[in-house]
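First the structure, in the form of structure tokens, and then the observations on it.
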Number of protein chains: 2
Amino acid sequence: MPRAGLDPATVVAAGADLADEIGFSALTMGRLAERVGVRTPSLYKHVASQDDLNRRIAILAMDEAADAIGAAIQGRAGRDALRAAARALRDFVLAHPGRYAATLGLGLTGPDDPLALAATRSLTPFTAVLRGYDISPADTTHALRALRSIFHGFATIEAGGGFQWSTGTDESFEWLIDLIDLGLRAKPAEQQAPATTAAPGVVTGRPG
Amino acid sequence: MPRAGLDPATVVAAGADLADEIGFSALTMGRLAERVGVRTPSLYKHVASQDDLNRRIAILAMDEAADAIGAAIQGRAGRDALRAAARALRDFVLAHPGRYAATLGLGLTGPDDPLALAATRSLTPFTAVLRGYDISPADTTHALRALRSIFHGFATIEAGGGFQWSTGTDESFEWLIDLIDLGLRAKPAEQQAPATTAAPGVVTGRPG
DNA sequence: CACTGCGGCTAAGCCTAATAGCTTTTAGTT
DNA sequence: AACTAAAAGCTATTAGGCTTAGCCGCAGTG
């Protein structure tokens with residue numbers, strides 16, 4: 001019996017590819033074993049469990065997405081950077097729905113969870129985008145969370161087929177980017193005469 | 001052996017409650033059966049399958065959320081309505097994480113899927129919110145999708161513990177609402193002198 | 001050549017969804 | 001009151017998923 005020559009990275013990469021093809025929820029240890037040409041229990045020599053596999057796929061996906069977004073905003077600033085980042089994230093999700101789904105619904109075990117670290121890493125391109133706007137340092141956490149929520153929400157709904165008939169999603173996405181750009185540019189003026197009852201304050205926690 | 005007196009509505013409601021308590025992914029037919037005091041196969045007299053159960057829970061959740069949001073915006077308009085709607089949705093998700101999780105990751109079978117109809121129904125309160133802003137009729141679909149993406153994204157990340165240390169999420173949420181309000185109010189002026197390369201056009205599809 | 005360890009394997013256990021077929025309760029009718 | 005038929009429960013069983021235990025062969029090393 002010749003060996004398949006597997007290692008953890010190969011198994012995780014194959015799992016990510018397979019998840020993109022058949023959907024993350026349909027990714028089973030059995031199907032992955034079949035894909036890499038091995039019997040199911042053999043996978044446990046490389047990953048500890050299915051949960052471990054899922055987390056590794058999620059980390060891989062977040063790093064890949066961060067790289068794609070980082071590359072997309074090179075040499076851009078302001079609205080151009082925002083649009084490039086948003087499009088890069090959306091393209092990634094549409095091209096890799098399984099990888100992206102792996103990043104959802106995983107409980108964080110603590111602040112030093114590798115998953116949490118990867119999540120923080122994946123946010124760095126967005127901090128660069130925000131430098132193109134006049135956001136006060138005290139508000140960068142809020143702005144970061146806002147950008148993450150917005151594009152995460154759109155990508156999730158679109159990838160899940162939540163927009164009925166899928167018509168005009170491109171236009172809706174551009175409209176959304178424009179909306180956020182306008183809001184971010186109007187924000188600083190608003191700061192000088194806050195109208196909300198709960199005034200934004202300094203946040204000590206980490207951004208993600 | 002007296003009967004438990006179950007019917008589909010009771011089973012679905014119990015499933016929704018149980019999902020809120022132990023998490024949607026931990027909801028199994030066996031645990032639900034134990035909860036309602038019956039053996040597992042007996043549940044199949046009331047729901048066709050676990051997928052059927054999940055979809056019914058999702059429909060229940062969307063209708064309940066729509067009711068809560070609709071009630072929250074009564075007598076409000078503009079920014080007040082936006083904030084009330086957003087808070088109502090967020091409160092619902094935090095109070096009923098299992099129900100909300102049930103609404104995610106379900107494939108729509110078609111435009112007349114009961115799930116799709118419930119999704120459309122759940123959007124009606126947001127159309128009322130948008131009436132408080134000067135949005136052109138051609139853009140209401142985009143605006144609706146934007147609102148849905150934004151608040152869905154925030155709620156999902158928060159409910160999944162995605163905001164590390166969970167500090168300052170209240171402030172971040174208010175900041176986000178303010179950002180969207182500013183963007184929506186700046187939008188109409190933008191329409192008269194469009195700066196985006198892809199000009200927003202009429203969308204013929206349904207909003208959701 | 002012997003040895004050691006990694007990476008495969010089979011076998012088996014447990015959990016879950018789902019179906020088949022039987023039995024009992026319940027409701028409605030005469 | 002008795003009968004009937006459907007509804008609602010049950011046990012038993014199948015199929016498939018994750019995971020562990022323990023065995024075996026190949027690779028590289030001294």
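Below, chain A is the first sequence line, B the second, and so on; all start at residue 1.
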- B/S/- along nucleotides 13-19 of chain C (protein heavy atoms under 4.0 Å) is ---SSBB

- Query: Is there side-chain contact between Arg99(B) and Met62(B), with heavy atoms separated by less than 4.5 Å?
  - Reply: no

- Task: Mind calculating the distance between NZ (Lys45(A)) and C1' (dG22(D)) to the nearest angstrom?
- Result: 9 Å

- Compare side-chain N and O positions of Ser42(A) against OP1 and OP2 of dG7(C) and report whether any pair is under 4.0 Å apart. no

- Task: Ignoring hydrogens and angles, state whether a donor on the side chain of Asp7(A) or Thr10(A) is under 3.5 Å from an acceptor on the partner side chain.
- Result: yes

- Message: Can you give me the bend angle of the helix from dC1(C)-dG30(D) to dT30(C)-dA1(D)? Use the axis through the first five pairs and the one through the last five, nearest 10 degrees.
- Response: 0°

- Query: How many Å lie between CZ on Arg39(B) and P on dT25(C), as a whole number?
  - Reply: 16 Å

- Taking atom C1' of dT24(C) as reference, at what distance in whole Å does atom CG of Leu6(B) sit? 16 Å

- Hey, are Arg39(B) and Glu34(B) close enough for a salt bridge, meaning a charged N less than 4.0 Å from a carboxylate O? no

- Message: For the residue pair Arg148(B) and Phe126(B), would you count it as a cation-pi contact if the rule is NZ or CZ under 6.0 angstrom from the ring centre and within 45 degrees of the ring axis?
- Response: no

- Message: Test: salt bridge (Lys or Arg N to Asp or Glu O under 4.0 Å). Region: residues 152-161 of chain B. Which pairs qualify, not counting sequence neighbours?
- Response: Arg90(B)-Glu158(B)

- Task: Would you check if the distance from the ring center of Phe163(B) to the ring center of Phe173(B) is below 6.0 Å?
- Result: no

- Message: Can you measure Leu43(B) atom CG to dT11(D) atom P for me and round it to whole angstrom units?
- Response: 14 Å

- Between Phe92(A) and Tyr100(A), is the gap from one ring center to the other below 6.0 Å? no

- Query: Does the side chain of His46(B) get closer than 4.0 angstrom to OP1 or OP2 of dG9(D) through an N or O atom?
  - Reply: yes

- Message: What I want to find out is whether Asp134(B) reaches Lys187(B) closely enough, with some N-O distance under 4.0 Å, to be called a salt bridge.
- Response: no

